[in-house]
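Structure record follows, encoded as structure tokens.
In this text the structure is predicted, and so the values were computed from the model without any measurement.
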Amino acid sequence: MKRDILSVADMENDLCEIIDTSIKLKKDKTIKFSDKKILGMIFEKPSTRTRISLEAAMEQLNGHAIYLSPKDMHLGDGETIADTARVMSKFVDIISYRAFDYRNVRELAKYATVPVLNALDNLEHPMQIVADFMTIMEKKHRLENLKMAYIGDGNNMANSLLLGAAITGMDISVACPEHHEPDQDIIHKAKDLALKTGSRIEIIRDPRTAVDSADVIYTDVWVSMGEENEKAQKEKLFNGYQVNQELADFSDQNYIFMHCLPARRGLEVTDEIIDGIHSVVFDEAENRLYSEKGVIYKLIS
């Protein structure tokens, strides 16, 4: 039976196992598919890390990736998602979909007969979470009983981090302005998962309270793709949510700083932080390659 990863919650039972596999594949680059596998990649949004890492992952695993934007497909001019899923399933072994609307990712998965990976939508970014928690494991050597502080917009990254933290037993404090909280259904799901692992979850307003004694500080852009018309308003609203040295001083002295990138330097984070000794953002970006190898190898090897 095929398996899809559309949400971080779809890895509830084996996220740590997938991370371990990813670390193994990073150390041993001789591990490959026994026969050629094909990944079909649908990209409605532009990408640097996701596209390059998925293509490189498939090449390193003895596979191949096919890049498809809406203008390359009839999906962009009237063919249904269901028909696209049925046809692509005849040609490829696995599909990734980077979409504006999470409902479209689920629609594709419903009709595809091969595994579907959510490569980012407006609700979650599951593949980023595998890379993030892999990086934390490498740097901190554990996930349980750490504290993560997320500062900024309650967007798809905040949603995903809540679920990842809840699954792994990590505490998480999300600091965001009123009316910019993470998705309420995601919060409820994360709290349900946290009951099993002992993770503590809080959504608060004050960034200083959030970063107090934090082992990990995480932020993301204030204006996501598709929100360009809100740019001036959001930049003004989030002015007090910048990760800078003054804020970071409240965290644990051995904290690590993370960002999924691309970063808007001078807005959500200062150069001093992102280029500083606590930043692991480029190791985090590198791990997009190995974490995606881990996920793909787990699903179709």
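Atom CZ of Arg98 is separated from atom CG of Leu120 by 4.5 Å, given to the nearest 0.5 angstrom. Taken from CD1 in Ile274 to CZ in Arg265, the straight-line distance is 4.5 Å, to the nearest 0.5 Å. The CD atom of Glu124 sits 6.5 Å away from atom CG of Asn159, with the distance rounded to the nearest 0.5 Å. Separating the CD1 atom in Ile296 from the OG atom in Ser96 is a distance of 7.5 Å, to the nearest 0.5 Å. One finds the CE atom of Met41 at 9.5 Å from the CE atom of Met88 (value rounded to the nearest 0.5 Å). Expressed to the nearest 0.5 Å, how far CG of Leu163 lies from CD of Glu12 amounts to 9.5 Å.
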Stepwise side chain to side chain contact (heavy atoms under 4.5 Å, CB included) test for Val174 and Leu162: CA-CA 8 Å; Val174 174; Leu162 282 168; 3.9 Å; yes
Could you go through Met58 and Lys37, starting from their C-alpha distance and side-chain angles, then the distance that decides it, and tell me whether this counts as side chain to side chain contact (heavy atoms under 4.5 Å, CB included)? CA-CA 8 Å; Met58 290 303 291; Lys37 302 290 185 183; 4.1 Å; yes
Side chain to side chain contact (heavy atoms under 4.5 Å, CB included) between Tyr218 and Val243: does it pass, once the steps are laid out? CA-CA 9 Å; Tyr218 201 116; Val243 179; over 6 Å; no
Might you work through the side-chain hydrogen bond (donor to acceptor under 3.5 Å, both in side chains) test for Ser173 and Glu202, ending with a clear yes or no? CA-CA 5 Å; Ser173 181; Glu202 61 177 0; 2.8 Å; yes
Evaluate the criterion side chain to side chain contact (heavy atoms under 4.5 Å, CB included) for residue pair Asp252 and Asp215; output intermediate values, then yes/no. CA-CA 6 Å; Asp252 182 85; Asp215 302 288; 4.2 Å; yes
One pair to check against side-chain hydrogen bond (donor to acceptor under 3.5 Å, both in side chains): Glu138 and Asn287. What are the steps and the verdict? CA-CA 10 Å; Glu138 289 180 331; Asn287 281 340; 2.9 Å; yes
Evaluate the criterion side-chain hydrogen bond (donor to acceptor under 3.5 Å, both in side chains) for residue pair Asn155 and Tyr150; output intermediate values, then yes/no. CA-CA 11 Å; Asn155 59 15; Tyr150 176 87; 3.2 Å; yes
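Within the 4.5 Å cutoff, the side chain of Val130 has heavy atoms near those of the Ser22 side chain. Here the side chains of Thr50 and Met127 are not in contact, with every heavy-atom distance at 4.5 Å or above. Taking 4.5 Å as the limit, every side-chain heavy atom of Asp4 sits out of range of all side-chain heavy atoms of Leu117. Side-chain contact between Ile18 and Thr21: absent, with no pair of heavy atoms (C-beta onward) separated by less than 4.5 Å. Residues Gln245 and Asp249 have side chains in contact (heavy-atom distance under 4.5 Å, counting atoms from C-beta outward). Cys176 places a side-chain heavy atom less than 4.5 Å from the side chain of Pro182. Counting heavy atoms from C-beta on, the side chains of Ile256 and Met258 come closer than 4.5 Å. In this structure, Gln60 and Tyr290 have side chains that are in contact, with non-hydrogen atoms separated by less than 4.5 Å.
In the displayed structure, Gln253 atom CD is contacted under 6.0 Å by at most 12 heavy atoms of other residues, nucleotides or ligands. The 12-atom threshold is not exceeded at NZ of Lys191, counting heavy atoms of other residues, nucleotides or ligands nearer than 6.0 Å. At most 12 non-hydrogen atoms from other residues, nucleotides or ligands lie less than 6.0 angstrom from CG of Asn239. Counted within 6.0 Å of NZ on Lys2, heavy atoms from surrounding residues, nucleotides or ligands total more than 12; the atom is thus considered enclosed. The neighbour count for Lys110 NZ, taken as heavy atoms of other residues, nucleotides or ligands under 6.0 Å away, does not exceed 12.
A perpendicular orientation is assigned to the rings of His180 and Phe238, their planes being inclined by more than 60° (bins at 30° and 60°).
For Asn254 and Lys140, the side-chain atoms include no donor-acceptor pair closer than 3.5 Å. Using a 3.5 Å distance cut-off with no hydrogens or angles, the side chains of Thr270 and Asn244 do not pair a donor with an acceptor. Using modelled atom types, one finds no donor on one side chain facing an acceptor on the other under 3.5 Å when comparing Asp132 with Thr135. In this structure, a donor-acceptor pair under 3.5 Å is present between the side chains of Glu292 and Ser53. His64 and Glu55 are not linked by any side-chain donor-acceptor pair at a separation below 3.5 angstrom, with hydrogens and angles left out of the test.
Taking 4.0 Å as the cut-off between side-chain N and carboxylate O, Lys139 and Glu284 do not count as a salt-bridged pair. Under a 4.0 Å N-O distance rule, the pair Asp101/Arg103 qualifies as a salt bridge. Looking at Glu181 and Arg205, a side-chain N of the basic residue comes within less than 4.0 Å of a carboxylate O on the acidic one, giving a salt bridge. No salt bridge links Lys147 with Asp171; every basic N to acidic carboxylate O contact stays at or beyond 4.0 Å. A salt bridge does not link Asp192 with Lys189: none of the charged nitrogens is closer than 4.0 Å to a carboxylate oxygen. Between Glu235 and Arg264, no side-chain nitrogen of the basic residue sits less than 4.0 Å from a carboxylate oxygen of the acidic one, so the salt-bridge criterion is not met. A salt bridge is defined here as a Lys NZ or Arg NE, NH1 or NH2 lying under 4.0 Å from an Asp or Glu carboxylate O, and Lys45 with Asp121 fails to meet this definition.
Across Ser199 and Ala194, no two heavy atoms sit closer than the pair O-CB, 3.3 Å. Counting all heavy atoms, side chain and backbone alike, Ile167 lies closest to Ala9 at CD1-CA, 4.3 Å. Nearest heavy atom pair, residue Pro207 against residue Ala175, reads CA-CB, 3.7 Å. Considering all non-hydrogen atoms of both residues, Leu6 and Asn118 come closest at O-ND2, 2.9 Å.
At distances below 3.5 Å, at least one donor-acceptor pair connects side-chain atoms of Glu44 with backbone N or O atoms of Phe100. The main-chain N or O of Leu25 is never found under 3.5 Å from a side-chain atom of Asp28 such that the two would form a donor-acceptor pair. With Ser251 contributing its side chain and Ala248 its backbone, the two residues share a donor-acceptor pair below 3.5 Å. A distance-only check finds a donor-acceptor pair linking the side chain of Asp183 to the backbone of Ile186 [under 3.5 Å].
His278 and Phe257 have their aromatic ring centers separated by at least 6.0 angstrom.
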